[in-house]
A.B. asks: 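The structure that follows is given in the form of structure tokens.
So you know, we letter chains A, B, ... as the sequences are listed, proteins then strands, and number each from 1.
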Protein chains: 4
Amino acid sequence: MSNGPNKDEVLQYINRIERLEEDKKSVSDDIKDVYAELKNNGYDAKIIRKLVSIRRKSKEERKEEEALLELYMSAIGME
Amino acid sequence: MSNGPNKDEVLQYINRIERLEEDKKSVSDDIKDVYAELKNNGYDAKIIRKLVSIRRKSKEERKEEEALLELYMSAIGME
Amino acid sequence: MSNGPNKDEVLQYINRIERLEEDKKSVSDDIKDVYAELKNNGYDAKIIRKLVSIRRKSKEERKEEEALLELYMSAIGME
Amino acid sequence: MSNGPNKDEVLQYINRIERLEEDKKSVSDDIKDVYAELKNNGYDAKIIRKLVSIRRKSKEERKEEEALLELYMSAIGME
DNA sequence: AAGGAGCCGTTGCGCC
DNA sequence: GGCGCAACGGCTCCTT
């Protein structure tokens, strides 16, 4: 960027971002749909939501542990 | 759903949700990338961010007012 | 705070917070009362509620735009 | 309310509501202040927050149990 | 490292 | 009494 902000460039960035945010909203809506569907089929959305959350946490923890392990291994020259 | 929750069904729902959440994260990351890019090109991310935010809010407000109008109309039987 | 958490201090904080939360609930109830009253007087609570919401949003938006202006000005060294 | 909505009345209701919402926000801010203060004094806000939450839940439970007890007592004619 | 802003999930509230 | 929505509070990330 030379000579101050370029209007067209700025608008292009904004458009790209807004387009992506729409995509994001679209995916969020899809997720809502799945919960609605499973609710309609007699499942408890609240509980499924909890399950998903727990699995996410566990996954993160596993990654943490993995990272820690790698750290140790590199520390002792086993990389 | 008859005879209690079906394990496979539950797992399928969870998998669909987790897949969608990955998509969502992916899109979020794309957005981050755009901000990083525009920053690298000398633009002020903070300002662009606020512009995007204001445009979104304005849009929402327009929708709100439209909704109010419809509410009035339905209230006076013009639906 | 020296030598670990002091029981009395903690309890005092908690009490202050709980007292404030009661105040807050009390105010919320007052708001509910106003809606109930206006409804009893023949007004449409739903519409009033939306009006209040739109006014709040508009106000926020105005603040946002002000903030953007300040941001621009500080960006060009006019702070 | 006769002869349709009265503009002044509507505005008065809105003003009352907006005034109360300001009060509410003010109390919320006070609560935030307490947390900030306790944090500055070396306490862990997150933990205190948890304590407050637990106490609230316990209180609700106690009320529940009390209500249940009264229900039983009235059921056996001990009201 | 601390503070603030934006995002997300949860809760509460009114409506049906 | 359940549903859906809007508001609130908490969490995370990013910046200073």
A.B. asks: Which part of the nucleic acid does A:Lys39 contact within heavy-atom distance under 4.0 Å: base, sugar-phosphate only, or nothing?
C.D. replies: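 Sugar-phosphate contact only - A:Lys39 comes under 4.0 Å of backbone atoms but never of a base.
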A.B. asks: For the helix from E:dA1-F:dT16 to E:dC16-F:dG1, how many degrees between its two end axes (five pairs per end), to the nearest 10°?
C.D. replies: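 Inter-axis angle at the termini of the helix from E:dA1-F:dT16 to E:dC16-F:dG1: 10°.
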A.B. asks: Starting from the C-alpha separation in whole Å, work towards a yes-or-no answer on salt bridge (Lys or Arg N to Asp or Glu O under 4.0 Å) for C:Glu37 and C:Lys32.
C.D. replies: CA-CA 9 Å; C:Glu37 181 186 334; C:Lys32 270 194 218 169; over 6 Å; no
A.B. asks: Starting from P on E:dC15, measure out to CG on B:Leu71 and report it in whole angstrom.
C.D. replies: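 In whole Å, E:dC15 P lies 10 Å from B:Leu71 CG.
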A.B. asks: Which other residues end up in the same hydrophobic cluster as D:Leu11, if Ile, Leu, Val, Met, Phe, Trp and Tyr are linked when side-chain heavy atoms come under 4.5 Å apart?
C.D. replies: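 Joined to D:Leu11, directly or through intermediates: none.
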A.B. asks: The criterion is salt bridge (charged side-chain N to carboxylate O under 4.0 Å, His left out); which residues satisfy it with A:Asp29, sequence neighbours excluded?
C.D. replies: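 A:Asp29 satisfies salt bridge (charged side-chain N to carboxylate O under 4.0 Å, His left out) with A:Lys25 only.
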A.B. asks: Suppose we screen for salt bridge (charged side-chain N to carboxylate O under 4.0 Å, His left out). Which residues come up paired with A:Glu22, at least two apart in sequence or across chains?
C.D. replies: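 Once residues adjacent in sequence are excluded, A:Glu22 has no partner under the salt bridge (charged side-chain N to carboxylate O under 4.0 Å, His left out) criterion.
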A.B. asks: Check D:Arg55 with C:Glu18, please: is the shortest side-chain N to carboxylate O separation under 4.0 Å?
C.D. replies: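 Salt bridge flag = yes for D:Arg55 with C:Glu18.
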A.B. asks: List, by chain and number, the other hydrophobic cluster members for D:Ile76, where Ile, Leu, Val, Met, Phe, Trp and Tyr join if side-chain heavy atoms come within less than 4.5 Å, directly or indirectly.
C.D. replies: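 Its cluster partners, ordered by chain and number, are D:Leu69, D:Met73, D:Met78.
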A.B. asks: To the nearest Å, how far apart are C:Asp33 CG and E:dG14 P?
C.D. replies: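 Distance check: C:Asp33 CG to E:dG14 P gives 11 Å.
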A.B. asks: To the nearest Å, how far apart are D:Ile17 CD1 and F:dA7 C1'?
C.D. replies: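 From D:Ile17 CD1 to F:dA7 C1': 15 Å.
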A.B. asks: Identify whether the distance between the nearest side-chain nitrogen and carboxylate oxygen of B:Glu21 and A:Arg56 falls below 4.0 Å.
C.D. replies: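 Salt bridge: yes.
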A.B. asks: Calculate the interatomic distance between A:Tyr35 atom OH and F:dG4 atom P; express it in whole Å.
C.D. replies: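 Computing the A:Tyr35:OH to F:dG4:P distance gives 15 Å.
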A.B. asks: Restricting both atoms to N or O, compile the protein contacts to nucleotides 6-13 of chain E shorter than 3.5 Å, with distance only.
C.D. replies:
none

A.B. asks: Any side-chain heavy atom of C:Leu38 sitting closer than 4.5 Å to one from D:Ile17?
C.D. replies: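 Touching, per the 4.5 Å side-chain cut-off.
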